[in-house]
S.K.: 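Here it is, the structure in full.
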Amino acid sequence: MRATGWLLTAAILTTPVAAQAQSRPDQKAFFGLYKELVETNTTLSAGSCTQAAAQIGARLKTAGYADADITYFSVPEHPKDGGLVAVLKGSDASIKPMLLLAHLDVVEAKREDWVRDPFTLIEEGGYYYARGTVDDKAQAAIWSDAMIRFKTSGYKPKRTIKLALTCGEETTFAWNGAQYLAKSKPDLIAAEFALNEGGGGRTDDNGKRQLLAIQVGEKAAQNYTFLATNPGGHSSQPTPENAIYALADAVKAVQGYEFPVKFTDTTKAFFAASAKAMPGEMGDAITKLLANPEDKAADAIVSRDKAMHSTLRTTCVATLLSAGHAENALPQRATANINCRIFPGETVDGTLAKLKELAGAKVTVSANQPVRPTAIPPTLDPRIMGPVTKVAAKHFPGIPILPLMSTGATDGIFFEAIGIPVYGAPGVFIDKDMGGIHGLNERIRITSLYDGRDYLFDLVKAFAG
């Protein structure tokens with residue numbers, strides 16, 4: 001993810017300071033939880049989700065939760081990839097529970113690449129900086145904090161509220177806690193619906209709120225391997241048949257291909273609302289594209305916005321390359337990982353067929369394991385949209401709220417596969433460039449974090465009764 005030039009300049013010229021909470025006593029308590037969670041390394045390579053879950057579990061116990069209310073889980077083969085489920089029992093057994101879902105693991109972060117230590121929470125220029133400040137420790141801290149506040153205040157919900165904190169979301173080949181819960185402990189997390197990551201809000205370059213979104217559906221993430229092979233030989237006698245060149249041609253073919261524009265009910269509603277909120281050339285182009293998905297000129301205008309471009313179609317991009325075995329030898333083997341985000345209704349096999357066509361006869365293409373479940377889009381249920389919209393009008397008056405299909409992929413797919421509709425909760429606004437999520441110098445506006453916390457606390461109460 002790119003950072004804006006002025007932000008990088010400010011980062012270099014400004015001395016980072018230790019992060020502080022905002023002024024309210026409840027905000028200070030939340031900040032302690034958030035800071036501890038962010039500064040607990042939960043990367044796959046060197047961290048421990050189990051440690052992070054234990055720290056949150058200890059806070060829940062201090063708040064008054066009994067041992068029977070908290071379930072820790074892991075498997076012997078992956079002792080550092082554990083999580084927890086906590087339950088606040090409701091007073092009306094006839095109402096099905098709701099589930100609050102967040103993942104504890106974060107994407108890898110190398111200190112030498114970052115302006116600041118990625119595992120020290122730094123306050124600077126109105127932002128908190130660190131790996132996981134947004135994805136997904138903002139959500140995990142807000143859900144955990146809400147459960148603590150409910151218990152300590154004596155709040156008695158009608159609907160049982162469940163909290164699931166899992167590990168393994170950020171790495172497809174890691175042990176996945178959400179998948180484990182769905183397969184091995186479905187009764188523990190059974191719910192009428194779940195609130196997860198994937199929603200949120202977007203600000204412009206000046207921090208002005210533009211729109212608020214609830215995720216209703218998501219793409220499926222799938223990795224593919226491109227492989228080119230060759231007998232090789234001495235580099236002093238090159239030939240046109242070269243594994244690296246063959247692979248490069250295949251990767252360039254992927255770069256040059258645009259999957260066709262598609263719409264779901266959710267994305268139609270999203271783009272229709274966006275057209276009204278974005279007058280001028282962009283709004284006109286969106287309207288034309290809704291009327292005719294094959295309008296190439298309109299597609300070109302809308303796709304200048306990378307988020308909208310990805311919302312319109314399946315996307316595939318090269319993310320890893322490996323080639324050759326010696327600096328003075330012709331390469332015998334060259335591989336590339338192609339990461340695809342598949343539009344709802346399309347399939348892993350169908351995308352594989354298109355990639356084979358693009359790669360050509362000299363490169364073999366295969367789908368990597370694991371092949372995850374295809375996302376099942378939930379409905380635009382008024383029982384969900386109603387409270388979301390009503391509470392948003394209180395906290396963010398005048399900001400349009402839109403249903404959004406996430407261009408990423410979440411652990412929601414595992415719960416959807418066992419019949420739990422999963423919605424990405426709105427509330428936390430991030431910058432237009434996504435605040436460095438999965439990239440360098442991840443950050444969140446401080447006001448966005450605390451305002452989102454207030455909104456989500458009230459939203460859970462609205463659902464719980």
Side-chain angles (χ1 to χ4, degrees), residues 88 90 95-102 134 136 138-143 145-147 149-150 155 157-164 191-203 209-218 264-274 276-277 307 311 344 375-408 410-412 415-416 420-430 447-465:
L88 179 61
I95 304 176
K96 291 183 179 179
M98 63 183 294
L99 176 67
L100 308 178
L101 174 64
V134 181
D136 186 32
Q139 189 99 67
I142 288 170
W143 290 153
D145 170 73
M147 295 290 281
R149 291 166 73 191
F150 293 152
Y155 170 61
K158 289 184 178 180
R159 184 195 298 271
T160 293
I161 305 171
K162 298 181 179 182
L163 167 68
E192 184 176 1
F193 64 92
L195 298 179
N196 186 30
E197 64 172 334
R202 187 166 102 164
T203 63
R209 293 167 177 153
Q210 292 180 309
L211 59 87
L212 192 62
I214 176 172
Q215 178 189 313
V216 186
E218 61 185 75
T264 65
D265 289 345
T266 295
T267 61
K268 283 180 182 177
F270 167 77
F271 279 107
S274 297
K276 294 179 181 179
T311 305
I376 302 172
T379 62
L380 290 168
D381 190 336
R383 295 174 299 174
I384 300 295
M385 298 302 296
V388 164
T389 303
K390 183 177 180 180
V391 179
K394 170 188 171 185
H395 286 267
F396 311 113
I399 304 299
I401 184 161
L402 311 178
L404 174 74
M405 179 197 70
S406 173
T407 58
T410 75
D411 278 340
F415 296 96
E416 290 164 352
I420 302 174
V422 180
Y423 297 87
V428 177
F429 286 79
I430 60 174
T447 54
S448 292
L449 177 65
Y450 289 100
D451 290 349
R453 169 180 176 261
D454 289 342
Y455 168 78
L456 290 169
F457 181 79
D458 284 353
L459 180 63
V460 174
K461 292 187 75 172
F463 280 122

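Hydrogens, waters and symmetry mates play no part in the numbers below; they use all other heavy atoms, side chains included.
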S.K.: Would you find more than 12 non-hydrogen atoms of other residues, nucleotides or ligands less than 6.0 Å from Asp265 atom CG?
M.R.: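 Open.
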S.K.: Would you please name every residue forming a salt bridge (Lys or Arg N to Asp or Glu O under 4.0 Å) with Asp411, sequence neighbours left out?
M.R.: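 Listed in chain order: nothing, the list is empty.
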S.K.: Within this structure, what is the CG-CZ distance for the pair Leu195 and Phe463, rounded to the nearest 0.5 Å?
M.R.: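 The CG atom of Leu195 sits 5.5 Å away from the CZ atom of Phe463.
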S.K.: Where is the tightest heavy-atom contact between Ala464 and Tyr155, given as atom of each residue plus distance?
M.R.: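 Looks like CB-OH, 3.5 Å.
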S.K.: Between the main-chain N or O of Glu218 and the side-chain N or O of Ser406, is there a donor-acceptor pair closer than 3.5 Å?
M.R.: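 No; judged by distance alone, with no hydrogens or angles, the pair does not exist.
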S.K.: What residues form a salt bridge (Lys or Arg N to Asp or Glu O under 4.0 Å) with Arg202, not counting sequence neighbours?
M.R.: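 Salt bridge (Lys or Arg N to Asp or Glu O under 4.0 Å) list for Arg202, sorted by chain: Asp305.
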S.K.: Testing the basics here: between Leu380 and Pro403, what is the closest heavy-atom pair and its distance to 0.1 Å?
M.R.: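 Minimum heavy-atom contact is CD2-CB, 3.5 Å.
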S.K.: Return the set of residues passing salt bridge (Lys or Arg N to Asp or Glu O under 4.0 Å) with Lys394 (not counting sequence neighbours), or none when no residue passes.
M.R.: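 Once residues adjacent in sequence are excluded, the partners of Lys394 under the salt bridge (Lys or Arg N to Asp or Glu O under 4.0 Å) criterion are Asp458.
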S.K.: With sequence neighbours excluded, tell me which residues meet salt bridge (Lys or Arg N to Asp or Glu O under 4.0 Å) with Glu192.
M.R.: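 Partners of Glu192 by the salt bridge (Lys or Arg N to Asp or Glu O under 4.0 Å) criterion, ordered by chain and then number, come out as Arg159, Arg383.
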S.K.: Once side chain to side chain contact (heavy atoms under 4.5 Å, CB included) is applied, do any residues pair with Ala146, and if so which ones, sequence neighbours excluded?
M.R.: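 If we apply the side chain to side chain contact (heavy atoms under 4.5 Å, CB included) test to Ala146, skipping adjacent residues, the hits are Phe150, Phe457.
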S.K.: Mind checking the CG-CD spacing from Leu402 to Gln215? Nearest 0.5 Å is all I need.
M.R.: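 One gets 13.5 Å once the value is rounded to the nearest 0.5 Å.
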S.K.: According to side chain to side chain contact (heavy atoms under 4.5 Å, CB included), who are the partners of Ala462, at least two apart in sequence or on a separate chain?
M.R.: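 If we apply the side chain to side chain contact (heavy atoms under 4.5 Å, CB included) test to Ala462, skipping adjacent residues, the hits are Pro387, Val391.
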S.K.: What's the shortest heavy-atom distance between Leu449 and Ala138, and which atoms?
M.R.: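 So the two residues come closest at CD1-CB, 3.9 Å.
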S.K.: Do Tyr423 and Asp381 come close enough that some side-chain heavy atom pair is under 4.5 Å?
M.R.: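 The answer is yes; the side chains approach within 4.5 Å.
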S.K.: Keeping Thr266 on the side-chain end and Val216 on the backbone end, is there a donor-acceptor pair under 3.5 Å?
M.R.: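 Checked: pair present.
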S.K.: Hey, what's the ring geometry for Tyr455 with Phe396, parallel, tilted or perpendicular (30° and 60° as the breaks)?
M.R.: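 Tilted.
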